[in-house]
Enquirer: 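This structure is in structure tokens; I'll ask about it shortly.
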Amino acid sequence: MDPLAQNVVELIRASDPDAARILAAEQDRQANTIELIASENHVSAAVMHAMGSCLTNKYAEGYPGARYYGGCEFHDQAESLAQDRAKRLFGCQFANVQPHSGAQANASVFLALLEPGDTFASLVLSDGGHLSHGMKLNMSGKWFRPVHYPLHYEAAHPAFEQIDYDAAERICVEARPKLIMCGYSAYPRIIDFARFRAIADKCGALLMADIAHIAGLVAGGEHPSPFPHAHIVTTTTHKTLRGPRGGMILTNDEELSKKINRAVFPGMQGGPLMHVILAKAVAFGEALQPAFKAYSRQVVANARALAAALAQRGYRITSGGTDNHLMLVDLRPKNPNLTGLDAESWLQQAGIVCNKNGIPQDPRPPKFTSGVRLGSPAVTTRGVREPEMQVIAGWIDRVLTAGGDEATGAPVRAEVRSEVRRMCERFPMPA
């Protein structure tokens with residue numbers, strides 16, 4: 001364990017043993033499990049401790065050089081550093097690093113560019129979109145009018161379960177949305193940003209790319225950039241970008257940047273989380289280093305290795321594979337009765353953490369699902385490579401084949417749990 005992290009536990013224990021116990025237990029859980037949740041990663045010690053710094057003490061409402069509180073000179077420098085590094089990283093001219101999350105970033109764009117009731121286009125949540133892209137219970141679906149473009153649903157189609165760009169064009173030309181969203185939460189293929197821009201231009205819309213999942217791959221050169229095609233780009237700063245939990249909005253349009261800045265503050269948020277913004281700056285600095293490109297290449301290589309190994313064992317990988325860091329695994333060909341809920345539970349007991357996830361046109365409800373979503377960013381951060389991904393695929397298959405019966409499944413889960421711990425010792429958390 002990072003000595004500074006251990007010191008934090010001891011410091012907290014001196015005044016609050018209950019909180020220290022929870023923190024120590026979570027540190028142990030992370031250190032001794034295989035993390036396959038596609039939206040999670042392990043930050044460096046520098047990022048983690050920047051988040052725990054004294055910048056948390058300060059209010060800094062406003063922007064660098066235009067604050068509503070005194071004493072912000074160093075906070076101005078921290079935010080400017082994060083902005084400058086973000087612009088270098090993604091090759092754009094304007095960056096707002098204040099959003100507290102990706103969903104907050106998306107909501108700020110809606111506030112900046114749309115009026116209540118306006119139409120926008122996106123991929124439906126059940127096919128890999130995100131709740132902030134028009135889910136009916138989310139602000140985006142309650143206050144605005146989403147229209148959804150589809151995937152290819154014909155099993156014989158060469159792009160089965162991939163975006164149907166021709167259908168997207170037809171739908172957008174007919175609906176005339178003000179905004180077209182691309183970029184997804186559970187989509188394993190390359191996104192054709194140029195084609196989406198052509199569709200946006202044809203129907204007079206702005207194009208927004210939500211690259212929350214693939215931002216690190218874009219920064220590392222493993223996925224095409226949304227620039228210069230997208231008018232606005234939103235992202236989280238964790239996931240493949242390996243920074244603190246937070247959001248960001250990027251653009252090359254000065255007038256759009258002004259609208260976005262006003263929408264973030266004072267439109268959506270008050271004081272920015274300056275300790276998180278400093279940690280964003282640290283993470284962006286790490287992503288600008290040559291080693292991050294090698295990391296991004298390995299993330300994709302590891303995801304492909306895991307997908308191929310699971311396919312060899314009888315599982316179906318939706319869309320036929322992956323081009324990025326994640327995959328959706330259809331469990332039904334292996335066992336028609338196996339649900340994502342069961343798979344998630346059994347694997348967690350074995351020390352392998354993932355999440356149940358619907359597959360395109362899933363017949364099961366979101367509470368159960370027919371699949372799981374797996375991702376490679378966190379294990380790659382620990383140094384795992386293709387041979388270990390083969391081992392992990394074998395563990396997954398052993399656990400799911402053994403099932404949930406206590407007589408037969410529990411011993412297998414316990415055995416795999418011990419093997420997982422040994423791998424974790426070989427590939428420790430970043431220090």
Side-chain angles (χ1 to χ4, degrees), residues 35-48 50-51 82-92 95 97 99 101-103 105-106 128 130 182-191 193 209-227 230 233-250 276-277 279-307 322-327 355 373-385 389 429-430:
E35 179 58 79
L36 295 181
I37 293 179
S39 54
E40 296 184 7
N41 211 329
H42 303 308
V43 301
S44 69
V47 169
M48 186 175 296
M51 282 193 70
Q83 291 172 331
D84 291 344
R85 288 178 174 178
K87 290 184 286 187
R88 287 172 54 199
L89 197 56
F90 292 99
C92 62
V97 297
S101 68
N106 290 345
H130 188 260
C182 60
Y184 315 102
S185 184
Y187 185 72
R189 294 301 190 174
I190 294 292
I191 302 167
F193 295 118
D210 179 349
I211 62 169
H213 263 270
I214 56 172
L217 302 183
V218 171
E222 293 302 306
H223 190 289
S225 174
F227 292 117
V233 173
T234 63
T235 183
T236 55
T237 51
H238 42 293
K239 302 185 176 80
T240 53
L241 197 50
R242 207 162 58 178
R245 296 187 62 84
M248 178 166 61
I249 308 172
L250 310 169
V276 179
I277 289 175
K280 290 176 183 180
V282 174
F284 300 160
E286 293 174 352
L288 285 164
Q289 302 306 311
F292 193 82
K293 292 185 180 296
Y295 165 73
S296 298
R297 284 195 299 271
Q298 194 61 51
V299 165
V300 175
N302 281 350
R304 287 175 170 162
L306 180 60
T322 180
D323 299 323
N324 57 28
H325 64 298
L326 66 81
M327 68 212 70
N355 63 281
R373 185 182 65 165
L374 305 178
S376 60
V379 289
T380 306
T381 292
R382 296 180 73 152
V384 164
R385 299 178 71 88
M389 300 308 285
M429 293 281 283

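Atoms considered below: every heavy atom in the structure, side chains included; atoms not considered: hydrogens, waters and symmetry mates. These numbers were taken from a predicted model, which means no experiment stands behind them.
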Enquirer: Tell me every residue that passes side-chain contact (heavy atoms from CB on, under 4.5 Å) with Asp323, counting only those two or more places apart in sequence or in another chain.
Expert: Arg189, Ile190, Arg304
Enquirer: Could you tabulate the donor-acceptor pairs under 3.5 Å formed by side-chain atoms of residues 240-248, not counting sequence neighbours?
Expert:
{"from": "Thr240", "atom 1": "OG1", "to": "His213", "atom 2": "O", "distance (Å)": "2.8"}
{"from": "Thr240", "atom 1": "OG1", "to": "Gly216", "atom 2": "N", "distance (Å)": "2.9"}
{"from": "Arg242", "atom 1": "NH1", "to": "Thr381", "atom 2": "OG1", "distance (Å)": "3.3"}

Enquirer: Return the CG to CG distance between Leu89 and Leu288, rounded to the nearest 0.5 Å.
Expert: 5.0 Å
Enquirer: Report the residues that fulfil ring-ring contact (aromatic ring centres under 6.0 Å, His included) with Phe193, sequence neighbours left out, ordered by chain and then residue number.
Expert: His223
Enquirer: Roughly how far apart are Ile249 CD1 and Cys92 SG, rounded to 0.5 Å?
Expert: 11.5 Å
Enquirer: Say you draw a straight line from OG1 of Thr235 to CZ of Phe90; how long is it, rounded to the nearest 0.5 Å?
Expert: 5.5 Å
Enquirer: Quick one: are Glu222 and Val299 in side-chain contact, heavy atoms under 4.5 Å?
Expert: no
Enquirer: To the nearest 0.5 Å, tell me how far Leu306 CG sits from His325 NE2.
Expert: 13.0 Å
Enquirer: Got a second to check how far Lys293's NZ is from Leu217's CG, nearest 0.5 Å?
Expert: 11.5 Å
Enquirer: Taking all non-hydrogen atoms of both residues into account, name the closest pair between Glu35 and Val379 and its distance.
Expert: O-CG1, 3.5 Å
Enquirer: Name all residues meeting the ring-ring contact (aromatic ring centres under 6.0 Å, His included) criterion together with Phe292; count only those two or more places apart in sequence or in a different chain, and write none if there are none.
Expert: Tyr295
Enquirer: What are the two closest heavy atoms between Asn324 and Ala303, and how far apart are they?
Expert: O-CB, 3.2 Å
Enquirer: May I ask you to decide if Val384's main-chain N or O and Asn302's side chain share a donor-acceptor pair within less than 3.5 Å?
Expert: yes
Enquirer: Measure the shortest side-chain to side-chain distance between Ser185 and Arg373 over non-hydrogen atoms and say whether it is less than 4.5 angstrom.
Expert: yes
Enquirer: Could you grab the distance from atom CD1 of Ile211 to atom SG of Cys182, nearest 0.5 Å is fine?
Expert: 10.0 Å
Enquirer: In this structure, are over 12 heavy atoms from other groups packed under 6.0 Å from Lys87 atom NZ?
Expert: yes
Enquirer: Taking ring-ring contact (aromatic ring centres under 6.0 Å, His included) as the definition, give me every residue that meets it alongside Tyr187, ordered by chain and number, with sequence neighbours left out.
Expert: Tyr184
Enquirer: Under the ring-ring contact (aromatic ring centres under 6.0 Å, His included) rule, collect the residues that match up with His238, sequence neighbours excluded.
Expert: none
Enquirer: Could you tell me if the side chain of Glu40 sits less than 4.5 Å from the side chain of Lys239, heavy atoms only?
Expert: no
Enquirer: For residues Ile214 and Ile191, determine if any side-chain heavy atom of one lies less than 4.5 Å from a side-chain heavy atom of the other.
Expert: yes
Enquirer: Which heavy atom of Lys280 sits nearest to which heavy atom of Pro99, and what is that distance?
Expert: NZ-O, 3.1 Å
